[in-house]
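Small disclaimer: the values here were computed from a predicted structure and weren't measured. In what follows, every heavy atom counts, from backbone to side chain, and hydrogens, waters and symmetry copies are set aside.
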Amino acid sequence: MNGAQALIRTLAASGVTVCFSNPGTSEMHFVAALDDVPEVRGVLCLFEGTATGAADGFGRMAGRPASALLHLGPGLANGLANLHNARRAATPLVAVVGDHASYHKRYDAPLESDIDALAGSVSRWQRRPTRSADVAGDAADAVAAAMAPPGGIATLILPADVSWGDGAEPAVPRQVRRAGAVPGEVVEQVAAVLRGGEPCVLLVGAECARRPGLEAASRVCRAAGARLLCQTFPARLERGAGIPAVDRLAYLAEFAMAQLDGARHLILAGAAEPVSFFAYPGKPSSLVPDGCQVHMLGYPGDDLAGALAALADIVAPDVKPEPQQPVRPGLPDGELTAQTAAQAIGALLPEGAIVSDEANTSGLWLPAATAGAPPHDWLTLTGGAIGQGLPLATGAAVACPGRKVLALEADGSAMYTISALWTHAREGLDITTVIFSNRSYAILGMELGRVGAAAGGEAARRLIELSAPDLDFTAIAAGMGVPAARAATAAEFAGHLRRALAEPGPHLIEALVPPAG
Ligand SMILES: Cc1ncc(C[n+]2csc(CCOP(=O)(O)OP(=O)(O)O)c2C)c(N)n1
Ligand SMILES: [Mg+2]
């Protein structure tokens, strides 16, 4: 057995059954070995950022890692932005980066580069086996490292000669470290704060944004009269009818400050201390109100949902969570805007849908319009690096066959990783993509004023508008095998969306909307 075969068998035995791949010559033995191990599904992605974003989407939904196969330093570099988002999401993910044969490196062939440095910028664990006999054990270690709470990126750098060399054996899966329990006295201290009668905000995130965490949080806030909020960009938020509703902390610092205004205690359960996304001249970076004390219920890697449940049992033993009532907006008519599009999405969102939200400024109305829709998952742009949404949808659809995936995409962001559409078609994935075609980097138009830059002239405008030529997303989608339609009115949009959701397989709807705000 060669190293590649032992590696892939070990990945399969450890529960890694998908490999989102963009291979090159140094990965050819890995590619060949996929035919020996049918338990691992190879999914071709036409750009590495699609492979890494798909692995992120898979990991968020499956709770176990996918692998991403990348070609040396340049392939890894192309995948870095979505690995950055995955790192912020604490997604379990195994990156396999092929490298030159060990004896070839000193010749400094054109693709030679510092893979270790690139991998180090996003990985919590990385290793470079030097013998074929070691690679399977390293792969088993990689999976365990990726899975250890709270989840992260493990990178295996795979020299070509380690891959093709014989004498390898599969390794047994490793035990995965469990989340640590939060000490009882910490939970008691937070309970005392909540009982103190001063204004409290409970800010949830990470696994506390899933149903059990939200139910515990809702009980706590009802009993203590505290405000409940969720981090701005949760990796996976469970929401909809029957689940306690939670507002996310706003992206714009001034709105976030209004949400936190008056709090004397900020209790963090899976969320980090809130900070402004960017610095603005004369504005604070920290969003913690003056005179507000911050309390950590636990740290990443702790059993935070367990701690939140224990907290609820102390401060709210007889209190039930407040479920969101089922309520949907009516189907819109008239002009198509980001707002009426959100209404249609709220009216039609199917039960169990997975929403990959990269709608950016066009997404402003989505949370309210979909709050009372049937239960669904909402995946957000955890690291702020755009180009995530279409790949994330790819991975979510591979992880959850039988569930509808809705990719809500801003036009500018869609273009970064537009080739994901081809993988949607190739794999027959049940993904409906909505492109909010506002023909601009609308948010940058807004930020130009917010950072206090001089009002944009013609040269600035040319860096913010996506017109001349207009992007034709229906033609782009058709060229990659995804059936597409364009909507210019609210009724057209609702009609296209209803049809797309009723029919299995990928669809794209280009929604012509004016820039919001
Ligand atoms: C990888 C990466 N490159 C660049 C940016 C800077 N950036 C933030 S938003 C944006 C444009 C967003 O335009 P679009 O996706 O169309 O959304 P809209 O603002 O129009 O709603 C850019 C270029 C970023 N966040 N991430
Ligand atoms: Mg746009």
Side-chain angles (χ1 to χ4, degrees), residues 1-46 48 50-52 54-55 58-59 62 64-72 75-76 79 92-104 111 115 125-147 153-174 176 394-395 397-399 401 422-423 426-429:
M1 188 178 291
N2 68 29
Q5 290 162 329
L7 163 58
I8 297 178
R9 283 189 199 286
T10 303
L11 289 177
S14 308
V16 180
T17 55
V18 184
C19 185
F20 296 100
S21 309
N22 191 269
T25 305
S26 39
E27 294 80 46
M28 283 298 114
H29 283 81
F30 187 106
V31 169
L34 285 171
D35 276 304
D36 302 320
V37 191
E39 296 87 343
V40 176
R41 173 178 174 186
V43 176
L44 180 59
C45 298
L46 303 186
E48 292 86 349
T50 301
T52 54
F58 183 98
R64 63 189 162 87
S67 52
L69 178 66
L70 308 168
H71 183 53
L72 299 109
L76 173 57
L93 193 159
V94 175
V96 179
V97 184
D99 194 7
H100 286 311
S102 43
Y103 60 82
H104 191 63
L111 274 161
I115 298 176
W125 180 103
Q126 69 194 70
R127 199 177 288 168
R128 174 194 288 278
T130 55
R131 305 183 320 148
S132 302
D134 295 337
V135 68
D138 291 341
D141 288 347
V143 178
M147 296 272 293
I153 297 168
T155 301
L156 195 63
I157 302 168
L158 183 62
D161 50 344
V162 170
S163 195
W164 72 52
D166 286 328
E169 289 285 335
V172 289
R174 308 287 191 245
V176 176
T394 310
V398 170
W422 180 86
T423 301
R426 157 68 96 74
E427 299 294 323
L429 300 176

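In terms of heavy atoms, S163 sits closest to L158 at OG-CD2, 4.0 Å. Residues L156 and P129 share a closest heavy-atom pair of CD1-CD, 4.0 Å. Of all non-hydrogen atoms in R64 and M147, the two that sit nearest each other are CA-SD, 3.8 Å. Considering all non-hydrogen atoms of both residues, I8 and F30 come closest at CD1-O, 3.3 Å. In terms of heavy-atom proximity, C19 sits nearest to A68 at SG-C, 4.5 Å. Nearest heavy atoms, D99 versus S26: O-CB, 3.6 Å.
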For side-chain contact (heavy atoms from CB on, under 4.5 Å), just list the numbers for V398 and L429, CA-CA rounded to whole Å, side-chain angles, deciding distance to a tenth of an Å, and then say yes or no.
CA-CA 7 Å; V398 170; L429 300 176; 3.8 Å; yes
side-chain contact (heavy atoms from CB on, under 4.5 Å) between L72 and H100, intermediate numbers included
CA-CA 8 Å; L72 299 109; H100 286 311; 3.8 Å; yes
With side-chain contact (heavy atoms from CB on, under 4.5 Å) as the test, would you mind laying out the steps for E169 and M1 before giving the verdict?
CA-CA 7 Å; E169 289 285 335; M1 188 178 291; 5.7 Å; no
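Using a 4.5 Å heavy-atom cutoff, the side chains of T52 and L70 are in contact.
In this structure, the separation between OG1 on T130 and CD1 on I157 is 12.5 Å, given to the nearest 0.5 Å. Taking CZ from F20 and CG from L69, the interatomic distance works out to 12.5 Å, rounded to the nearest 0.5 Å. L111 contributes atom CG, which lies 8.5 Å from atom OG1 of T25 (distance to the nearest 0.5 angstrom). The distance from the CD atom of E27 to the CG atom of N22 is 9.0 Å, given to the nearest 0.5 Å. With rounding to the nearest 0.5 angstrom, the CD1 atom of I115 is 10.5 Å from the OG1 atom of T155.
Between the side chain of S132 and the backbone N or O of V162 there is at least one donor-acceptor pair closer than 3.5 Å. Looking at D161, its side chain does come within 3.5 Å of a backbone N or O of S102 through a donor-acceptor pair. T423 contributes a side-chain N or O that, together with a main-chain N or O of L44, makes up a donor-acceptor pair within less than 3.5 Å. Panel note: side chain R174, backbone V172; a donor-acceptor pair is recorded below 3.5 Å. No side-chain donor-acceptor contact under 3.5 Å links R426 to the backbone of C45. Looking at T50, its side chain never comes within 3.5 Å of a backbone N or O of L46 through a donor-acceptor pair.
With D138 as the partner, the side-chain hydrogen bond (donor to acceptor under 3.5 Å, both in side chains) test is satisfied by one option alone out of R127, R128, R131: R127.
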